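Being a predicted model, the structure only gives us computed values, none of them experimental. Labels below follow one simple rule: chain letters A, B, ... track the order of the sequence lines, proteins then strands, and each chain is numbered from 1.
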There are 2 protein chains.
Amino acid sequence: MGAPDRDEDPQITLDGTQHADLEEIERAIMQISWLSQRQFMQLLDEERFNMTLPQFYSLLHLHQMRDPCKMSDLAEATQQSAASLTGIVDRLLEKQLVERTRHVRDRRQVMVVVTPQGSSLIAKIKQARHEQMQAALGHLGAEDIDTLLRLLDQVLLSMLRVLERGDTHRWA
Amino acid sequence: MGAPDRDEDPQITLDGTQHADLEEIERAIMQISWLSQRQFMQLLDEERFNMTLPQFYSLLHLHQMRDPCKMSDLAEATQQSAASLTGIVDRLLEKQLVERTRHVRDRRQVMVVVTPQGSSLIAKIKQARHEQMQAALGHLGAEDIDTLLRLLDQVLLSMLRVLERGDTHRWA
DNA sequence: ATAAATATTCAATGTTGTTAAGTATATCAT
DNA sequence: ATGATATACTTAACAACATTGAATATTTAT
């Protein structure tokens with residue numbers, strides 16, 4: 001990731017003021033996403049955690065749900081295919097971070113729950129990640145934090161909406 | 001990814017105002033990173049592009065550099081190991097998106113350059129990605145875009161600084 | 001010339017991604 | 001009830017990448 005593309009002109013709006021291009025934001029988001037995932041991947045790879053990104057995000061969702069969660073729901077929430085998820089849950093199971101049961105009524109459904117060990121690991125990882133991100137976020141002022149959070153949540157909600165629509169669209 | 005963790009209290013600051021927690025931002029960045037990379041992965045996977053994320057980010061860096069780039073520099077810039085990169089560049093080479101040469105003076109070094117085909121593909125992918133992200137960003141006002149860009153670039157620069165320090169620290 | 005340092009590739013292994021096919025259970029129509 | 005269809009998930013086969021450590025090639029130092 002080299003220097004940002006700065007060779008494009010800013011937009012000229014009707015009122016004559018100059019505003020940044022949307023593509024600048026896209027570049028920033030892409031770059032931050034790539035770098036932060038890389039950085040996080042290395043953290044998860046340490047012996048004390050020994051996890052992969054897909055495993056973490058799957059476990060994180062189960063932790064947030066607390067109650068048993070269908071495989072298909074977990075797959076949709078984490079944007080992973082059911083086939084991939086089977087192997088991922090297999091490995092979480094080996095480490096005793098989750099438990100797999102069958103739904104009582106509909107025995108086709110496989111339900112997964114996080115174990116206390118799983119929740120405890122998530123807490124440790126969140127703490128380690130917090131320390132890691134402190135370096136990138138620590139210098140932000142309280143005002144900036146509020147603003148950034150508001151904008152990021154706006155972006156995130158739009159993304160989630162798109163994904164939901166995208167899923168229904170895919171099966172249409 | 002389920003509903004955001006909202007069960008943590010906001011920070012109470014000295015002046016009595018309530019401000020969002022840094023951890024909220026961390027959550028948002030993690031979630032956006034994961035989702036946007038997933039979404040982008042699916043886009044790159046379409047037949048017209050037929051690329052993977054590591055391939056794209058490697059090619060993107062070469063595109064931004066324009067001039068030939070050492071394997072080790074590319075590895076550092078994209079945060080990939082030299083060993084991984086060899087295979088990735090192999091596949092870019094097969095698709096004729098890059099060319100590999102030896103450095104004239106120091107023939108240990110392998111130099112990689114993007115081809116015109118490679119640059120053209122990057123442009124097409126950027127366009128497709130732009131349309132994809134329009135859905136998540138299109139509703140932002142001009143003010144918000146400026147603000148968000150400023151904050152994201154701040155975060156990005158901090159991350160880059162950390163990575164540089166982290167690299168020198170790792171080999172020390 | 002020999003040794004040491006550097007840059008990259010190769011080989012072996014594990015996780016995740018894909019698609020397609022397979023198995024088990026549930027539901028619906030007759 | 002029985003047979004067809006749909007649903008939920010797993011399995012299988014293969015490609016892409018991640019890791020590590022060994023091997024190779026080239027340069028630099030003695």
Does [X], at its [atom1] atom, have more than 12 non-hydrogen atoms belonging to other residues, nucleotides or ligands within less than 6.0 Å?
X        : atom1 : answer
B:Glu99  : CD    : no
A:Gln37  : CD    : yes
B:Arg100 : CZ    : yes

Does [X] have a side-chain nitrogen or oxygen under 4.0 Å from the phosphate oxygens OP1 or OP2 of [N]?
X        : N      : result
A:Gln80  : C:dG17 : yes
B:Ser72  : C:dT8  : yes
A:Ser81  : C:dT18 : yes
A:Gln55  : C:dT16 : yes
A:Arg100 : D:dT10 : yes
B:Arg108 : C:dA4  : no

A:Met41 or A:Met111, whichever maps to the more 5' nucleotide of DNA chain D: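 Result: A:Met111.
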
Relative to the 5' end of DNA chain D, which residue comes earlier, B:Gly87 or A:Lys70, by the nucleotide with the nearest heavy atom?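 Comparing both residues, the 5'-ward one is A:Lys70.
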
[N] [atom2] sits how many Å from [X] [atom1], rounded?
X        : N      : atom1 : atom2 : result
B:Leu44  : C:dT18 : CG    : P     : 13 Å
B:Arg102 : C:dT6  : CZ    : C1'   : 12 Å
B:Arg107 : D:dT28 : CZ    : P     : 13 Å
B:Glu47  : C:dT18 : CD    : C1'   : 13 Å
A:Asn50  : C:dT15 : CG    : C1'   : 11 Å
A:Leu92  : C:dG14 : CG    : P     : 18 Å
A:Ile88  : D:dT10 : CD1   : C1'   : 14 Å
A:Leu43  : D:dA18 : CG    : P     : 18 Å

Would you indicate what B:Arg105 reaches in the nucleic acid, counting non-hydrogen atoms under 4.0 angstrom: base, sugar-phosphate, or nothing?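 Since only primed, P, OP1 and OP2 atoms lie under 4.0 Å of B:Arg105, the category is sugar-phosphate.
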
Under 4.0 Å, heavy atoms only, any strand: does B:Ser84 hit a base, just the sugar-phosphate, or nothing?
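Result for B:Ser84 = base.
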
| On DNA chain C, nearest-nucleotide positions of B:Leu85 versus B:Arg38: which is more 5'? |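 With B:Leu85 and B:Arg38 compared, the 5'-side residue is B:Leu85.
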
Item to check | Residue closer to the 5' end of DNA chain C, B:Ala83 versus A:Pro54 (nearest nucleotide) | outcome: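 Residue closer to the 5' terminus by nearest nucleotide: B:Ala83.
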
Check your understanding: Between B:Phe40 and B:Phe56, does the ring centre distance come in under 6.0 Å?
Key ->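 Yes; B:Phe56 has its ring centre under 6.0 Å from that of B:Phe40.
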
Could you check which of [options] has an atom nearest any side-chain atom of [X]?
X        : options                : value
B:Thr86  : C:dT25, C:dT9, D:dT10  : C:dT9
A:Met71  : D:dT10, D:dT27, C:dT16 : D:dT10
A:Arg91  : D:dT27, C:dA7, C:dT16  : C:dT16
B:Gln109 : C:dG17, C:dT8, D:dC9   : C:dT8

field: Close side-chain approach of B:Val114 to B:Met65, heavy-atom, < 4.5 Å
entry: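 With C-beta onward as the side chain, the pair stays apart.
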
Q: Test B:Arg27 against B:Glu24 for salt bridge (charged side-chain N to carboxylate O under 4.0 Å, His left out), laying out the working first.
A: CA-CA 5 Å; B:Arg27 168 192 56 71; B:Glu24 295 260 8; 2.8 Å; yes

